[in-house]
Amino acid sequence: MDIVFAIIIGITGSSIVHLSKGLMKLGIQRSRVPDVHTHTGKTRTIYLTGVVLNFSAPVWIMVANLFASPVVYSSMYASGLLALLVFSRFVLHEHLHPRQIVGAIVTVCGTAALGMAEFRYGSLSLTLAQINPLLVTVAAWVLGGFLIAVLSRNARVTVQELFFGLAAGGFAALDALLKGVAQRSGTTASFIPGPGPALVILAGSFLVAGLAFAFIQWSYLRHCRASIMGIAYDMSFVALPILTYSMLIPGYRLSLLSGGGLILLGIGVVLIASGPLPAAVPVVPDTAGRSIQV
């Protein structure tokens, strides 16, 4: 039953974080086209509400970790794209291409497959005993990220968009895994662990989250588009925890169901991106550097 709560929290948290971008865009749109029907105070409230909800991302992860492994939350993350599409269509009155509607349906199927695949593992999670391999993975991602960022300076913008999106999404995913280790280090899961190694790991996870934010900002200095980066970001955030668990936890395997879910999710996200992406202009990051489109 715990995993069901984690799935619900994952879908809810992802939807709220994605919707926050729509709210920020709505506030910005209203501020740019003032008229007699638009009140500055209401417009500011809409925008600030979006900002506050955007910064709630780490809280959703930490709450979900109390019920199941971080993989469950991360597997649900792309479901938030659906909420953003609905908001964009009926509130922002943006046109949706038929491919985006098909993509939304495929994304739902992929997310459902990933959720069902996790039922066989329950609350299986990384432990303090496995922290060293995880830290090696983090170090490799950091070194590789900075190295490729420097070497790709003269690469095509599209290549850089994909790289920075994958890198930032990976940092956010590793942040979630580190938080999961810290919160489930004792006999029972805790929102904030007591003094000791687990608390240090939890604090360090926010530094990794800061790298996600930094890479997103770095990408804008390279003139990368938020829309393409956001797609790569979501895919990396969903896939990396699953792949990391496959490598570090004995008995955890990428099944046909989870593999198929990843493929469906990738197809769905690409289809959603193939039309005019909603909320792809002004940029405001969240505390974990997750998707910064608004």
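Because only heavy atoms are used, hydrogens play no part in the values below, and waters and symmetry mates are left out as well, while side chains stay in.
Closest of all the heavy-atom pairs between Ser219 and Ile216 is OG-O, 2.5 Å. Of all the heavy atoms in Gly10 and Tyr73, the pair that sits closest is CA-CD1, 3.5 Å. Nearest approach of Arg184 to Asn65, heavy atoms of both residues: NH1-O, 2.6 Å. Between Ser236 and Ala173, the shortest heavy-atom distance links the atoms O-CB, 4.3 Å. Minimum heavy-atom separation, Leu257 to Ala113: CG-O, 3.5 Å. Here the closest non-hydrogen pair linking Ile192 and Leu202 is CG2-CD2, 4.2 Å.
Distance check, rounded to the nearest 0.5 Å: CG of Leu151 to CZ of Phe163 gives 9.0 Å. For the atom pair OG (Ser20) and CZ (Phe87), the distance works out to 10.0 Å, reported to the nearest 0.5 Å. Leu26 CG to Thr49 OG1: the interatomic distance, rounded to the nearest 0.5 Å, is 10.5 Å. Note that OH of Tyr245 and CG of Leu240 are 11.5 Å apart. Values are rounded to the nearest 0.5 Å. Of the inter-residue distances, the one linking Ser14 atom OG with Leu82 atom CG reads 8.5 Å to the nearest 0.5 angstrom. Rounded to the nearest 0.5 Å, atoms CG (Leu84) and CZ (Arg89) are 14.0 Å apart.
For the pair Val71 and Thr244, the minimum side-chain heavy-atom distance is 4.5 Å or more. For the pair Ile242/Leu262, a side-chain contact is recorded, criterion being any heavy-atom separation below 4.5 Å from C-beta on. Put simply, the side chain of Phe146 reaches to within 4.5 Å of the side chain of Phe215, judged on heavy atoms. For the pair Ile201 and Leu135, the minimum side-chain heavy-atom distance is 4.5 Å or more. By the 4.5 Å heavy-atom criterion applied to side chains, Ser69 and Val72 are counted as neighbours. Between Ser74 and Val238 the shortest side-chain heavy-atom distance does not fall below 4.5 Å. In this structure, Arg222 and Arg153 have side chains that are in contact, with non-hydrogen atoms separated by less than 4.5 Å. Side chains of Tyr47 and Leu23 form no contact here, defined as non-hydrogen atoms less than 4.5 Å apart.
A donor-acceptor pair under 3.5 Å is formed between the side chain of Ser255 and the backbone N or O of Ser258. One N or O on the side chain of Gln130 and one on the backbone of Leu248 form a donor-acceptor pair closer than 3.5 Å. Checked by atom type and distance alone, the side chain of Gln183 pairs as donor or acceptor with a backbone atom of Met62 at under 3.5 Å.
Using cut-offs of 30° and 60° for the angle between ring planes, the Tyr77 and Tyr233 rings count as tilted. Ring orientation note: the planes of Phe67 and Phe5 are tilted relative to one another, at an angle of 30° to 60°. Using the six-membered ring where Trp is involved, Phe171 and Trp141 have ring planes that are perpendicular, over 60° apart on the 30 and 60° scheme.
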side-chain contact (heavy atoms from CB on, under 4.5 Å) between Val142 and Leu211, intermediate numbers included: CA-CA 8 Å; Val142 172; Leu211 288 176; 3.7 Å; yes
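Residues Phe206 and Val181 share a hydrophobic cluster, clusters being chains of Ile/Leu/Val/Met/Phe/Trp/Tyr side chains in contact below 4.5 Å. By the rule that hydrophobic residues join a cluster once side-chain heavy atoms approach within less than 4.5 Å of another member, Leu48 and Phe55 end up as members of one cluster. At a threshold of 4.5 Å between side-chain heavy atoms, the hydrophobic network of Ile, Leu, Val, Met, Phe, Trp and Tyr places Val138 and Val136 in two separate groups. Both Leu177 and Leu66 sit in one connected hydrophobic cluster of ILVMFWY residues. Membership requires side-chain heavy atoms under 4.5 Å apart, directly or through other members. Under the 4.5 Å side-chain heavy-atom criterion for ILVMFWY residues, no single connected hydrophobic cluster contains both Leu243 and Met76.
By the 6.0 Å contact criterion, CG on Leu221 is enclosed, its count of non-hydrogen atoms from other residues, nucleotides or ligands being greater than 12.
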